[in-house]
Structures are given as structure tokens and as C-alpha cells.
Amino acid sequence: MKAERLRTIYDRLLAQHGPQGWWPGETAFEVMVGAILTQNTAWSNVEKAINNLKAADKLSPQRITRCRMATLAKLLRPSGYFNVKAARLREFCHWYLRQGGFEALQRMPTDELRSTLLGIKGIGPETADDMLLYAFDRAVFVVDAYTRRLFSRLGVLRGGEHYETIRLSVEHAMKAEAILYNEYHALVVVHAKNVCKVKPCCDDCYLRNKCPSVD
DNA sequence: ACCCAGGGTCATA
DNA sequence: TATGACCATGGG
């Protein structure tokens, strides 16, 4: 994977969409909650669930661990998979408090923090990396379905590579530009919503709002 | 009426 | 290692 190619794609995405300033969320804890709730779910639905938590004054690890499962599930309802996510959120909050809160976690080295996050049931590689990058400000490149699709269509990936393979490959190629991982992932996601999803037709196709061969 | 969305777990071969 | 079932709402 070539650094220059990755950089070129980044530059064009930035030129087209502008700086995104992710993650949407007022606190680090809210970012982490969002990362769990957005698993295979549209962000608009996650916002509703987070608003429910705020309105019920439950958006804190203490409140969530003390909340009944049925109550929590009801608040999470708009984000889908509400029973699963209620359990995952509680599990995460127990761990968070047990570790001594954000300040204590922020002192951990990235590799250690990553493996302990992955040890929590319901937190897989993408959710962990969302948290590391956007809540803990660590230099981690987040791989999601959009990243795979875009990079595959642009020929940067062949398709079928494993999560870690892609992440380490990008991180190795763009090691000197770790500061860009934050904007890069945000741009890939935002781009995916505005782009032609029909089929790859040219090198530029998936870096434009409209596909010239389809439109 | 379908399709999919900023995934992850678990059972099975 | 690698598929497949399952979880579930809301918008296009």
C-alpha cells in the first residue's frame, strides 16, 4: 500500500467534502456510547437513542449501570438491536468504572488499551478503534465497510482482506501522518453517503457525488 | 414491499 | 479458517 496513493485519495475527499471535525458528541463518554450504538445502524437512529438517554438523565456510566435492563432497552429502542445494545452498554460501563474512569484509561498505552477494549463482550475491532481514535485521541486508523468498499473500488485493496491487515497496512504507509486518521475515516463515511453506489466505472467515480457513466 | 445502515457473537463444518 | 443465523429500528 503506497503512502502517496492514500494521501491523494485523502486530499480529494477533503477538497470535496471539507473538514468534518469528528466525532459528533460532546464528551469522550458520549463518543464511546455512540460507537457502541452505531454498530450496523444508521447514525440518525443513534442520535435518537442518545437524546433519549440525555432526556432521561442517564448518559453517564454510573446511571447506566444502575439502570434496569428493560428501562435501558426502552431508551435505546430507536437505535435497533436494543436488547443486545443495552447489555453491551452496561457491560462496557461496568468495565469503565472498574478501570477508574477516563483519566485512568487515558494513561494506558494504546496497545494495552486496545486489547482490554477488545476483551469486552460486544466490542469488536471497529468499535474499539472508534473509541481509541475519537475518544482517546490515539493514532489508530478505523476500518469499516465503507473503507473496504471505497478502497476496493479504487484498487487500493483487492477485497477480502482482514480487518487487522488493512489497519496495519494503512498505519504503516501513513505512519508519519497519523494526525490525518481522524479526518480520513470521517471523510470516507461522509463520502459514502453522497456517492454513486451502483458500480465502479472509472477511477474518479467514487470520489465524486455523481457517477458520470450512470448520470 | 424491499433494502440497508459508521458490527459483533455464537454455532457449526 | 470461514460461512451463516441472529439481533431490530427507521429512512429511502
Side-chain angles (χ1 to χ4, degrees), chain A residues 9-10 13 17 19-25 28 30-53 55 69-95 114-136 138 140-153 157-167 170 180-199 206 209-211 214-215:
Chain A
I9 294 170
Y10 173 86
L13 289 172
H17 303 288
Q20 299 302 309
W22 267 23
W23 180 290
E30 184 177 333
V31 170
M32 295 189 258
V33 170
I36 292 173
L37 295 186
T38 199
Q39 289 170 355
N40 201 38
T41 300
W43 182 254
S44 57
N45 285 359
V46 177
E47 283 184 312
K48 292 171 185 167
I50 289 181
N51 286 335
N52 285 347
L53 290 172
M69 279 293 299
T71 307
L72 189 54
K74 194 180 300 176
L75 295 170
L76 299 184
R77 189 174 179 281
S79 73
Y81 307 123
F82 48 80
N83 289 315
V84 171
K85 285 175 178 174
R88 288 180 181 178
L89 200 50
R90 288 200 57 173
E91 180 80 8
F92 169 75
C93 288
H94 276 118
W95 168 85
R114 188 168 198 273
S115 26
T116 179
L117 279 168
L118 290 175
I120 304 168
K121 229 173 290 186
I123 298 195
E126 187 185 335
T127 307
D129 289 342
D130 278 338
M131 292 180 179
L132 288 167
L133 180 60
Y134 293 108
F136 293 98
R138 308 303 177 93
V140 169
F141 184 83
V142 176
V143 180
D144 67 346
Y146 292 148
T147 310
R148 292 190 141 104
R149 194 176 74 195
L150 182 65
F151 282 2
S152 296
R153 285 173 173 177
L157 292 175
R158 299 190 53 182
E161 288 93 341
H162 287 175
Y163 186 98
E164 282 299 276
T165 307
I166 300 171
R167 180 176 74 87
V170 173
L180 300 185
Y181 296 162
N182 186 315
E183 273 295 325
Y184 210 141
H185 176 63
L187 285 166
V188 168
V189 174
V190 169
H191 181 72
K193 298 176 184 173
N194 305 327
V195 87
C196 162
K197 301 180 184 176
V198 181
K199 64 181 180 58
Y206 298 98
N209 274 329
K210 306 220 172 190
C211 171
V214 175
D215 303 316

List in chain and number order the residues that pass side-chain contact (heavy atoms from CB on, under 4.5 Å) with Ala135(A), two or more places apart in sequence or in another chain; answer none if no residue qualifies.
-> Ala28(A), Val31(A), Met32(A)
Counterpart residues, side-chain contact (heavy atoms from CB on, under 4.5 Å), relative to Thr116(A) (two or more places apart) =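 Only Trp95(A), Met108(A), Leu113(A) meet the side-chain contact (heavy atoms from CB on, under 4.5 Å) criterion with Thr116(A).
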Using the P atoms only, state how far dA5(C) lies from dC4(B), rounded to an integer number of Å.
-> 15 Å
Begin from the C-alpha positions of Glu161(A) and Phe151(A) and carry the test side chain to side chain contact (heavy atoms under 4.5 Å, CB included) through to its verdict.
-> CA-CA 11 Å; Glu161(A) 288 93 341; Phe151(A) 282 2; over 6 Å; no
How is the base pairing of DNA chain B summarised as a dot-bracket string, given the Watson-Crick and G-U wobble criteria with both distances under 3.5 Å, [ ] for crossing and | for another strand?
-> .||||.|||||||
Which listed nucleotide (dA8(C), dG8(B), dA5(B)) is nearest to the side chain of Glu126(A)?
-> dG8(B)
Stepwise, does the salt bridge (Lys or Arg N to Asp or Glu O under 4.0 Å) test hold for Arg138(A) with Asp129(A)?
-> CA-CA 9 Å; Arg138(A) 308 303 177 93; Asp129(A) 289 342; over 6 Å; no
What protein N or O atoms touch nucleotides 9-13 of chain B N or O atoms at under 3.5 angstrom, if any, and at what distances?
| from | atom 1 | to | atom 2 | distance (Å) |
| --- | --- | --- | --- | --- |
| dT9(B) | OP1 | Gly122(A) | N | 3.0 |

Atom [atom1] of [X] and atom [atom2] of [N]: how far apart are they, to the nearest Å?
X	N	atom1	atom2	result
Leu117(A)	dG8(B)	CG	P	12 Å
Gln39(A)	dC6(C)	CD	P	19 Å
Asp144(A)	dC4(B)	CG	P	16 Å
Tyr81(A)	dA8(C)	OH	P	9 Å

Would you mind writing out the side-chain donor-acceptor pairs for residues 84-91 of chain A within the sub-3.5 Å range, not counting sequence neighbours?
| from | atom 1 | to | atom 2 | distance (Å) |
| --- | --- | --- | --- | --- |
| Lys85(A) | NZ | Leu37(A) | O | 2.6 |
| Lys85(A) | NZ | Gln39(A) | O | 3.4 |
| Lys85(A) | NZ | Thr41(A) | OG1 | 2.8 |
| Lys85(A) | NZ | Ser79(A) | O | 3.0 |
| Arg88(A) | NH1 | Gln39(A) | OE1 | 2.6 |
| Arg90(A) | NH1 | Cys67(A) | O | 3.0 |
| Arg90(A) | NH2 | Thr65(A) | O | 2.8 |

For Glu30(A), salt bridge (Lys or Arg N to Asp or Glu O under 4.0 Å) partners two or more places apart | Lys54(A)
Arg148(A): what forms a salt bridge (Lys or Arg N to Asp or Glu O under 4.0 Å) with it, not counting sequence neighbours?
->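 Applying salt bridge (Lys or Arg N to Asp or Glu O under 4.0 Å) to Arg148(A) gives none.
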With a non-hydrogen cut-off below 4.0 angstrom, is Val189(A) in contact with a base, only sugar-phosphate, or nothing?
->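 Base, at least one base heavy atom under 4.0 Å.
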Answer yes or no: does a side-chain N or O of His162(A) lie under 4.0 Å from OP1 or OP2 of dT1(C)?
-> no
With sequence neighbours excluded, what pairs up with Thr147(A) under the side chain to side chain donor-acceptor pair (under 3.5 Å) test?
-> Asp144(A)
Report the residues that fulfil ring-ring contact (aromatic ring centres under 6.0 Å, His included) with [X], sequence neighbours left out, ordered by chain and then residue number.
X	answer
Phe82(A)	none
Tyr81(A)	none
Tyr181(A)	Phe141(A)

Under 3.5 Å between N/O atoms: give me all the protein pairs with nucleotides 10-12 of chain C, atom names plus distance.
| from | atom 1 | to | atom 2 | distance (Å) |
| --- | --- | --- | --- | --- |
| dG10(C) | O4' | Asn45(A) | OD1 | 3.2 |
| dG10(C) | O4' | Asn45(A) | ND2 | 3.0 |
| dG10(C) | O3' | Lys48(A) | NZ | 3.4 |
| dG11(C) | OP1 | Lys48(A) | NZ | 2.4 |

